[in-house]
Protein chains: 2
Amino acid sequence: MDETQGYCPVFHRAVELIGRRWNGPIIRALLDGADRFGEIRSRIPGLTDRLLAQRLRELEREGVVERACPSSSATTVPHYTLTTKGHSLAPVIESIAQWAAAWEPPGSTSSAQGRSVADSRRR
Amino acid sequence: MDETQGYCPVFHRAVELIGRRWNGPIIRALLDGADRFGEIRSRIPGLTDRLLAQRLRELEREGVVERACPSSSATTVPHYTLTTKGHSLAPVIESIAQWAAAWEPPGSTSSAQGRSVADSRRR
DNA sequence: TAGAGTCACTTACAAAGAGTAAGTGACTAC
DNA sequence: GTAGTCACTTACTCTTTGTAAGTGACTCTA
């Protein structure tokens, strides 16, 4: 009777959040210790300011990322860190990385530049 | 010296393939045993013919899905199945599902319809 | 202290992708 | 032989992304 058996909106939301363009690499950079806007950007070739700012705001709204402006002394530059929710994505990221490494296409060891799935669709 | 330390194009490609709109639910439906076009579509509310056809072709090209037209006798209706590469995504899907279940927002137990991350951005 | 540089964004516009809706051809049931 | 289902396509519109050029707050240098 339930036509949509096996479908789970919570899963759907999660996979699109994680998989949304640039979000995977952004979360990975944050897990790797990057915590400033420019630092994240410089670690991800192809990612622009506009999209990074947008993605960080979305991730913040989803409770994955936290933005803090250390009003201490020196700089007013904001810092981005993962929340507990964000840190708990580590195993997800790890399992994707493992799958990717296992099925890495033959010729993509070091020369491969970050061609996306979308890019490969353009002829 | 390497500005893009920690960045991995193989990971980037993988996370965008898995997270590309509708791909997560499609792979999950296939893992759950759906093998015909209409069956996959009916399990995923909101997914249209156009996008399902497109996504299946992309997944086929990526070697995740296999399309077979059983030329046997009865029907000419094609069947879709996961390849070995596709089946090996099971742990990835599982870890996303676990994360999603753990961080499911309070009011989304059963009433939540499949609102995507994108939808929540529209005001 | 004037001017150049860096940082974290924002805005404007064109191109690509996704949603909506209405076909199409092959087959099947009545 | 006509109506219905199935697996797609095509045409059109709206949303998201990419590209490029600002902007204001701050810092460093002469």
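Note that these values count all heavy atoms, side chains included, but never hydrogens, waters or copies made by symmetry. In what follows, chains carry the letters A, B, and so on, assigned in the order in which the sequence lines appear, proteins first and then strands, with residues in each chain numbered from 1.
To the nearest angstrom, P of dG17(C) lies 18 Å from CG of Leu47(B). In this structure, the CZ atom of Arg36(A) is 8 Å from the C1' atom of dC7(C), given to the nearest Å. Look at CG on Asp49(A): it is 17 Å from P on dA12(C), rounded to the nearest Å. dT17(D) atom P lies 11 Å from atom CD1 of Ile26(A), rounded to whole Å. The interatomic distance linking Ile44(B) (CD1) with dG19(C) (P) rounds to 12 Å, in whole Å. Arg57(A) has its CZ atom 8 Å from the P atom of dC9(C), to the nearest Å. Between the P atom of dA7(D) and the CD1 atom of Ile40(B) lies a distance of 9 Å, rounded to the nearest Å. Put simply, CG on Leu52(B) is 11 Å from P on dT9(D), counting in whole angstrom units.
Aromatic ring orientation, Tyr7(B) versus His12(B): perpendicular (interplanar angle above 60°, classes split at 30° and 60°).
The two residues Val10(A) and Ala101(B) come nearest to each other via the heavy atoms CG1-N, 4.4 Å. Across every non-hydrogen atom of Gly63(A) and Thr83(A), the tightest pair is O-OG1, 2.6 Å. Taking both residues in full, the closest heavy atoms of Ile40(A) and Ala34(A) are given as CG1-CB, 4.0 Å, listed atom of the first, atom of the second, then distance.
Listed nucleotides: dC8(D), dA7(D), dA18(C). Nearest to the side chain of Val77(B): dA7(D). Of the candidates dA21(C), dA7(D), dT10(C), the closest approach to any side-chain atom of Ala53(A) belongs to dT10(C). Comparing atom distances between the Arg50(A) side chain and each of dA12(C), dG19(C), dA8(C) picks out dA12(C) as nearest. Comparing atom distances between the Trp22(B) side chain and each of dG19(C), dA7(D), dG18(D) picks out dG19(C) as nearest. Considering only side-chain atoms of Arg20(B), the nucleotide from dT20(C), dT17(D), dG17(C) that sits closest is dG17(C).
Under 4.0 angstrom from either OP1 or OP2 of dT16(D) there lies no side-chain N or O belonging to Arg55(A). Between Tyr80(B) and dC6(D), a side-chain N or O to OP1/OP2 separation shorter than 4.0 Å is absent.
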Derivation of the side-chain contact (heavy atoms from CB on, under 4.5 Å) call for Phe37(B) and Leu56(B): CA-CA 9 Å; Phe37(B) 189 94; Leu56(B) 284 171; 4.0 Å; yes
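Residue Arg41(B) is out of contact with every strand shown, counting any heavy-atom pair closer than 4.0 Å.
In terms of polar N and O atoms assigned as donor or acceptor, the side chain of Arg21(B) never comes within less than 3.5 Å of the base of dG17(C) in a complementary pairing.
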